[in-house]
Amino acid sequence: MTVRRSGTTVPPSSRRRPGRPLHVAGGSLLSLLPLLLMASLLSTSSPAAAREVPPRGSAHMGIGIAAHEGRWRAGGPPPATRAAQTEGVDVSSHQGAVNWASLWTSGVRWAYVKATEGTYYKNPYHASQYNGSYAVGMIRGAYHFATPDTASGTAQADYFIDNGGGWSADGRTLPGALDMEWNPYGAACYGKSTSAMVSWIRDFLNRYRARTGRHPVIYTSTTWWAQCTGDHAGFGATSPLWIARYNTTPGPLPAGWAVHTMWQYTSKGPIVGDHNKFNGDYDRVAALASG
C-alpha cells in the first residue's frame, strides 16, 4: 500500500515512525546537534564574523575606536566650557574633495590629513587636502596610521616623512601625528607584547624627532593604551596627546599625560565627520605649529 500526500507517492519504507530520530548519512540528526552548536558558537564569536576586515590602506583616525569603543556620540559639539578650545578636523581619502571654505566658515581653524599607512600606502588625496586646508587659512598637519605588525617604527617614520609627513617652520604646519589605535585588520595590539609595542613607538618617535627636530603628536585612546602598552608613562613629557573619546568629556587620560592637547570628540560631525577640540585658543595652536 502507498501513502499519498499532496499528489506525491511515498513508499511505506520511507515513512518515519513517530518517536524515531531522523537519520541522515552517517548517523542521526540528534547526534550531530553538538557539532552544529559548536560550529555556530565559533562562527559568531570569531572577529571575522563580528566585523568585516577592511582592505589595507583604508584605515583612518578612529576606525578602531569606533569598532571597539563605540561611535554613539551625535554630531553636535560638547557642552560649552569656560576653557578656550579651538575647533579642528581630521580627514583621509574617505572624505575625498573637502569643502574647506565651508569648514572655515563654520569655525574650524586647524586640520590633520592622513598621509600614509605602514610602508605600503599613500593617501591619493593628501596633496589636495593638505594644501586646500592651508589655502583657506588653517593651520594643518599630517598623520600616519601605524601598523606595527608590518614594518619597524623607524621604517614607518621614514616612509611618513618622505611622503608628506614632515614639518616646516612656517608657523602653519603642525608636527606629524602618530595614530596608535585598535588594529582594524587583525589582533587588537598587532600581535605585540606591551614591551614590544612600547619599543616600536619609541623607535618611531625617535626617528621622527631626529629627522624633523619635532616630537610627534600621539593619537590614541586610554583603553587601547592601557591594553597594548601596559599603561606606559614614558612619552607624556615630550609628545603632545591627542585623545580619542566620543563622549561629552575627554575622560581619564592615558598614563604619562596630565593634560591633553587635542580631543577627537565625534566621528559624526558636520561636513567631514571627525571633529576635534584643541585644548586652548588659536594662539596655542599656532604655538604648537611654531615649535
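Residues take their numbers from the sequence shown, with the count starting at 1.
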**Message:** Apply side chain to side chain contact (heavy atoms under 4.5 Å, CB included) to residues H232 and R202 and explain how you reach the verdict.
**Reply:** CA-CA 11 Å; H232 181 73; R202 182 182 296 112; 3.9 Å; yes

**Request:** Taking the six-membered ring for Trp and the full ring for Phe, Tyr or His, determine whether the centres of F235 and H215 are under 6.0 Å apart.
**Result:**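 Between H215 and F235, which both carry aromatic rings, the centre distance is not below 6.0 Å.
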
**Message:** Ring centres under 6.0 Å, that's the criterion: do W242 and W257 meet it?
**Reply:**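 So the answer is no for these two rings.
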
Residue pair [X] / [Y], side-chain donor-acceptor N/O under 3.5 Å:
{"X": "T154", "Y": "S152", "result": "no"}
{"X": "Y185", "Y": "T150", "result": "no"}
{"X": "Q264", "Y": "H275", "result": "no"}
{"X": "E117", "Y": "N123", "result": "no"}

With rounding to the nearest 0.5 angstrom, report the [atom1] to [atom2] distance, [X] to [Y].
{"X": "I139", "Y": "S133", "atom1": "CD1", "atom2": "OG", "answer": "10.5 Å"}
{"X": "E181", "Y": "T223", "atom1": "CD", "atom2": "OG1", "answer": "10.5 Å"}
{"X": "N183", "Y": "C189", "atom1": "CG", "atom2": "SG", "answer": "9.0 Å"}
{"X": "Y159", "Y": "F204", "atom1": "OH", "atom2": "CZ", "answer": "12.5 Å"}
{"X": "D274", "Y": "Y246", "atom1": "CG", "atom2": "OH", "answer": "5.0 Å"}
{"X": "Y219", "Y": "W224", "atom1": "OH", "atom2": "CH2", "answer": "12.0 Å"}

Measure up the [X] and [Y] rings against each other and bin them: parallel (under 30°), tilted (30 to 60°), perpendicular (over 60°).
{"X": "W263", "Y": "H260", "answer": "perpendicular"}
{"X": "F160", "Y": "H144", "answer": "tilted"}
{"X": "Y112", "Y": "W110", "answer": "perpendicular"}

Does [X] reach the side chain of [Y], with side-chain heavy atoms less than 4.5 Å apart?
{"X": "V98", "Y": "Y125", "value": "no"}
{"X": "F145", "Y": "K114", "value": "yes"}
{"X": "I218", "Y": "P240", "value": "no"}
{"X": "S195", "Y": "T229", "value": "no"}
{"X": "L241", "Y": "P254", "value": "yes"}
{"X": "P148", "Y": "M197", "value": "yes"}
{"X": "E87", "Y": "K277", "value": "yes"}
{"X": "T147", "Y": "Y120", "value": "yes"}

Checking [X] side chain against [Y] main chain: does a donor-acceptor pair fall under 3.5 Å?
{"X": "S106", "Y": "L103", "answer": "yes"}
{"X": "T220", "Y": "M180", "answer": "yes"}
{"X": "Y208", "Y": "G165", "answer": "yes"}
{"X": "R284", "Y": "L288", "answer": "no"}
{"X": "Q156", "Y": "A146", "answer": "no"}
{"X": "Q95", "Y": "V272", "answer": "yes"}

Measure across [X] and [Y] and return the closest heavy-atom pair with its distance rounded to 0.1 Å.
{"X": "P184", "Y": "Y190", "result": "CD-OH, 4.0 Å"}
{"X": "A84", "Y": "D281", "result": "CB-N, 3.8 Å"}
{"X": "G164", "Y": "A142", "result": "O-CB, 3.4 Å"}

**Request:** Start with the C-alpha distance between T261 and F278, add both sets of side-chain angles, then the distance that settles side chain to side chain contact (heavy atoms under 4.5 Å, CB included), and finish with yes or no.
**Result:** CA-CA 6 Å; T261 298; F278 192 96; 3.6 Å; yes

**Item:** Derivation and outcome, side chain to side chain contact (heavy atoms under 4.5 Å, CB included), residues V217 and Y143
**Value:** CA-CA 9 Å; V217 173; Y143 79 85; over 6 Å; no

**Request:** Using a strict cut-off of less than 4.0 Å between a Lys/Arg side-chain nitrogen and an Asp/Glu carboxylate oxygen, indicate whether D162 and R211 qualify as a salt bridge.
**Result:**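 A salt bridge links D162 with R211.
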
**Request:** For the pair R56 and D149, find out whether any cationic side-chain nitrogen is under 4.0 Å from an anionic carboxylate oxygen.
**Result:**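 Yes, R56 and D149 are salt-bridged.
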
**Prompt:** Quick one: do M262 and Y282 end up in the same hydrophobic cluster if we chain Ile, Leu, Val, Met, Phe, Trp and Tyr together by side-chain heavy atoms under 4.5 Å apart?
**Reply:**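 Hydrophobic grouping puts M262 with Y282.
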
**Message:** So, using salt bridge (charged side-chain N to carboxylate O under 4.0 Å, His left out) as the criterion, who are the partners of R109 when residues are at least two apart?
**Reply:**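 Once residues adjacent in sequence are excluded, R109 has no partner under the salt bridge (charged side-chain N to carboxylate O under 4.0 Å, His left out) criterion.
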
Only distances under 3.5 Å count here; give the side-chain donor-acceptor pairs of residues 166-176 to other protein atoms, sequence neighbours excluded, each with its distance to 0.1 Å.
{"residue": "W167", "atom": "NE1", "partner": "T173", "partner atom": "O", "Å": "2.8"}
{"residue": "W167", "atom": "NE1", "partner": "A289", "partner atom": "O", "Å": "3.1"}
{"residue": "S168", "atom": "OG", "partner": "D170", "partner atom": "OD2", "Å": "3.4"}
{"residue": "S168", "atom": "OG", "partner": "T173", "partner atom": "OG1", "Å": "3.2"}
{"residue": "D170", "atom": "OD1", "partner": "R172", "partner atom": "N", "Å": "2.9"}
{"residue": "D170", "atom": "OD1", "partner": "T173", "partner atom": "N", "Å": "3.1"}
{"residue": "D170", "atom": "OD1", "partner": "T173", "partner atom": "OG1", "Å": "2.9"}
{"residue": "D170", "atom": "OD2", "partner": "T173", "partner atom": "OG1", "Å": "3.0"}
{"residue": "R172", "atom": "NH2", "partner": "Y134", "partner atom": "O", "Å": "2.4"}
{"residue": "R172", "atom": "NH2", "partner": "M138", "partner atom": "O", "Å": "3.2"}
{"residue": "T173", "atom": "OG1", "partner": "R140", "partner atom": "NH1", "Å": "2.6"}

**Message:** Would R245 and Y265 count as a side chain to side chain contact (heavy atoms under 4.5 Å, CB included) here? Give the steps.
**Reply:** CA-CA 5 Å; R245 185 172 189 253; Y265 66 86; over 6 Å; no

